[in-house]
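Below are the structure tokens for one structure; questions will follow.
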Amino acid sequence: MVISLKDLDSHELNDWCPGCGDAGILLAVKNAIINSGVDPHKTVIVSGIGCSSKLPHFVNVNGIHTLHGRPIPFAEGVKIANPELTVLIDSGDGDTYGIGVGHFISAARRNVDIKLFVHDNGVYALTKGQASPTLPEGTKVKGIALPNINSPIDPLILAIAAGYTFVARTQSYNVKEQTDLMVKAIRHKGIALIDIMQGCPSYNEEYTSSSWFSQHLIPLDSNYDPVVHNPLDEKEVMEKKLQAIKILLEEKSDKMHTGLFFQWENPDNFEKRLMDRGLESPIQQEICNKDGKPTVDLTKVVQTLEV
């Protein structure tokens, strides 16, 4: 089954500007949920604040619309509390790489099984187009008086260096490529990042249009192999990381690649670390008996809080 643009209702489309790339991302998320075969009742989409973060309102799964820069720790908490859930994040570049960058980096240290889909348009569109951390230096967009004075971060290099185990890039008007990468990310065991270059016709039209993407984005070579085939081979892991980083370092802002750059099914994830310490997830812990009487004594916990 494939959902197309005509399947979106007017409410879904009217909540974003005409031509906004978020509509394409919404289509890809819906198709990825269907194609990956996950249970919608056990799927959660977490978002922060921004145009991107309206997305959970339009998908018939569980949704949590959280705080600016904070969707990653919310999502980690959801997954740790109930490992049976499929946990996705839809967040913006300002939300994730700006105010939320500390969480973005720290999440890699834990490798919780969450999937981060970042709507990356180079601007803070909800607040009328200020430069985000990914806008190239010297770029002039509608929301700033002069060309951007700051150099941009490369979120993919940052993710690989920090320890993300799945790192990819795509663009919002290519729904098929997005869907395929999202399905791979959902099936991947570990923390995943897909940076989605998103069209913003209102505040960054020149550098995020469908025509600009088609002229300046190219797929990774068909012979490129991003997968670590022996997850326990530290040498192979390092080689695959360096391979991806080299390509990213050699890119120019007007000639970038799309596709899967790095994938490592690292068996050392946070859920396993908790199990190794004998710590059950909260969903597995009994908190009351069949009559509803609490079976947990919190007296000692409360006493530690006494002043």
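Remember, it's a predicted structure, so these values are computed and weren't measured experimentally.
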- Item | Within-4.5 Å side-chain heavy-atom neighbours: Phe261 and Ile245 | no

- Item | Audit row: Val29, Phe58, side chain to side chain contact (heavy atoms under 4.5 Å, CB included) steps and yes/no | CA-CA 10 Å; Val29 169; Phe58 307 133; over 6 Å; no

- Note on the structure: Shortest non-hydrogen pair, Ala131 vs Tyr124, comes out as O-CE1, 3.3 Å

- May I ask you to decide if Asp93's main-chain N or O and Thr96's side chain share a donor-acceptor pair within less than 3.5 Å? no

- Query: Would Val141 end up clustered with Trp16 when hydrophobic side chains under 4.5 Å apart are linked, directly or stepwise?
  - Reply: no

- Task: Say whether, by atom type as modelled, one donor and one acceptor occur between the side chain of Lys79 and the main chain of Leu85 under 3.5 angstrom.
- Result: yes

- Val237/Asp233 under side chain to side chain contact (heavy atoms under 4.5 Å, CB included): CA gap, chis, key distance, verdict: CA-CA 6 Å; Val237 173; Asp233 186 342; 5.8 Å; no

- Item | Leu126 and Cys51, any side-chain heavy atoms less than 4.5 Å apart | yes

- Short question: side chain of Asn62, backbone of Thr43 - any donor-acceptor pair under 3.5 Å? yes

- Output the distance between atom CD1 (Ile89) and atom CG (Leu116), rounded to the nearest 0.5 Å. 5.0 Å

- Do the rings of His57 and His65 sit parallel, tilted or perpendicular, given the 30° and 60° boundaries? perpendicular

- Phe166 vs His188 aromatic rings, parallel, tilted or perpendicular, using cut-offs 30° and 60°? tilted

- Task: Mark yes or no for whether Asp120, through its side chain, and Asp195, through its backbone, hold a donor-acceptor pair below 3.5 Å.
- Result: no

- Heavy-atom neighbours of Lys140 NZ exceed 12 at 6.0 Å: yes

- Message: Could you check whether atom CD1 of Ile149 has more than 12 heavy atoms from other residues, nucleotides or ligands sitting under 6.0 Å from it?
- Response: no

- Query: At what distance, to the nearest 0.5 angstrom, does CG of Leu181 lie from CD1 of Ile194?
  - Reply: 5.0 Å

- Task: Start with the C-alpha distance between Asp180 and Lys176, add both sets of side-chain angles, then the distance that settles salt bridge (charged side-chain N to carboxylate O under 4.0 Å, His left out), and finish with yes or no.
- Result: CA-CA 6 Å; Asp180 292 343; Lys176 184 182 185 306; 2.9 Å; yes

- Item | Check: His229 main-chain N/O paired with Glu236 side-chain donor or acceptor under 3.5 Å | yes

- Check whether any side-chain heavy atom of Gln178 sits under 4.5 Å from a side-chain heavy atom of Phe117, and report yes or no. no

- Query: Taking side chain as C-beta onward, heavy atoms only, is Leu135 less than 4.5 Å from Ile144?
  - Reply: yes

- Using the rule that two of Ile, Leu, Val, Met, Phe, Trp, Tyr join whenever any of their side-chain heavy atoms come within less than 4.5 Å, decide whether Val78 and Val61 are in one cluster. no

- Task: Would you mind reporting whether Asp113 and Val87 have side-chain heavy atoms less than 4.5 Å apart?
- Result: no

- Test item: Glu265 side-chain N/O and Pro231 main-chain N/O as donor-acceptor pair under 3.5 Å: no

- Lys54 versus Asp22: any side-chain heavy-atom pair under 4.5 Å? no

- Message: Within this structure, what is the CG-CG distance for the pair Leu26 and Asn31, rounded to the nearest 0.5 Å?
- Response: 9.5 Å

- Query: Would one find more than 12 heavy atoms of other residues, nucleotides or ligands at under 6.0 Å from atom CD of Glu239?
  - Reply: yes

- Message: I need the Leu158 CG to Ile105 CD1 distance, nearest 0.5 Å.
- Response: 4.5 Å

- Message: Under the criterion side chain to side chain contact (heavy atoms under 4.5 Å, CB included), I'd like the reasoning laid out for Asn174 against Phe213: C-alpha separation, chi angles, the key distance, then a yes or no.
- Response: CA-CA 10 Å; Asn174 190 337; Phe213 288 156; over 6 Å; no

- For Ser47 and Ser91, indicate whether the former's side chain and the latter's backbone hold a donor-acceptor pair under 3.5 Å. no

- Backbone N or O of Glu137 within a donor-acceptor pair of the Asn150 side chain at under 3.5 Å? no

- Message: Using salt bridge (charged side-chain N to carboxylate O under 4.0 Å, His left out), reason through Lys272 and Asp268 one step at a time and then give a plain yes or no.
- Response: CA-CA 7 Å; Lys272 180 180 179 298; Asp268 180 26; 5.8 Å; no

- In this structure, are over 12 heavy atoms from other groups packed under 6.0 Å from Asn230 atom CG? yes

- Any Ser52 side-chain heavy atom under 4.5 Å of Asp95 side chain: no

- Note on the structure: side chain to side chain contact (heavy atoms under 4.5 Å, CB included) test vs Met197 passes for just one of Met256, His216, His119, namely Met256

- Checking side chain to side chain contact (heavy atoms under 4.5 Å, CB included) for the pair Leu248/Glu251: CA distance, chi angles, key distance, verdict? CA-CA 5 Å; Leu248 291 163; Glu251 286 183 337; 3.7 Å; yes

- Message: Determine whether a donor-acceptor pair (N or O, by modelled atom type, separation under 3.5 Å) exists between the side chain of Thr170 and the backbone of Thr258.
- Response: no

- Decide yes or no for Lys240 and Trp264: does some side-chain heavy atom of the first lie under 4.5 Å from some side-chain heavy atom of the second? no

- Query: Considering all heavy atoms of both residues, which atom of Ile114 and which atom of Ala75 are nearest to each other, and what is their separation?
  - Reply: CG2-O, 3.9 Å

- Query: What is the minimum heavy-atom distance between Ser253 and Pro136, and which atoms define it?
  - Reply: CB-CG, 4.0 Å

- Could you tell me which non-hydrogen atom of Cys200 sits nearest to which non-hydrogen atom of Ala125, and how far apart they are? SG-CB, 4.0 Å

- Thr134 versus Gly122, closest heavy-atom pair with distance: OG1-CA, 3.6 Å

- Query: What is the minimum heavy-atom distance between Ala244 and Phe262, and which atoms define it?
  - Reply: CB-CB, 4.5 Å

- CD-CH2 distance between Glu206 and Trp212, expressed to the nearest 0.5 angstrom: 9.5 Å

- Query: Can you tell me how far CZ of Arg273 sits from CG of Asn111, rounded to the nearest 0.5 angstrom?
  - Reply: 6.5 Å

- For Arg169 and His257, indicate whether the former's side chain and the latter's backbone hold a donor-acceptor pair under 3.5 Å. yes

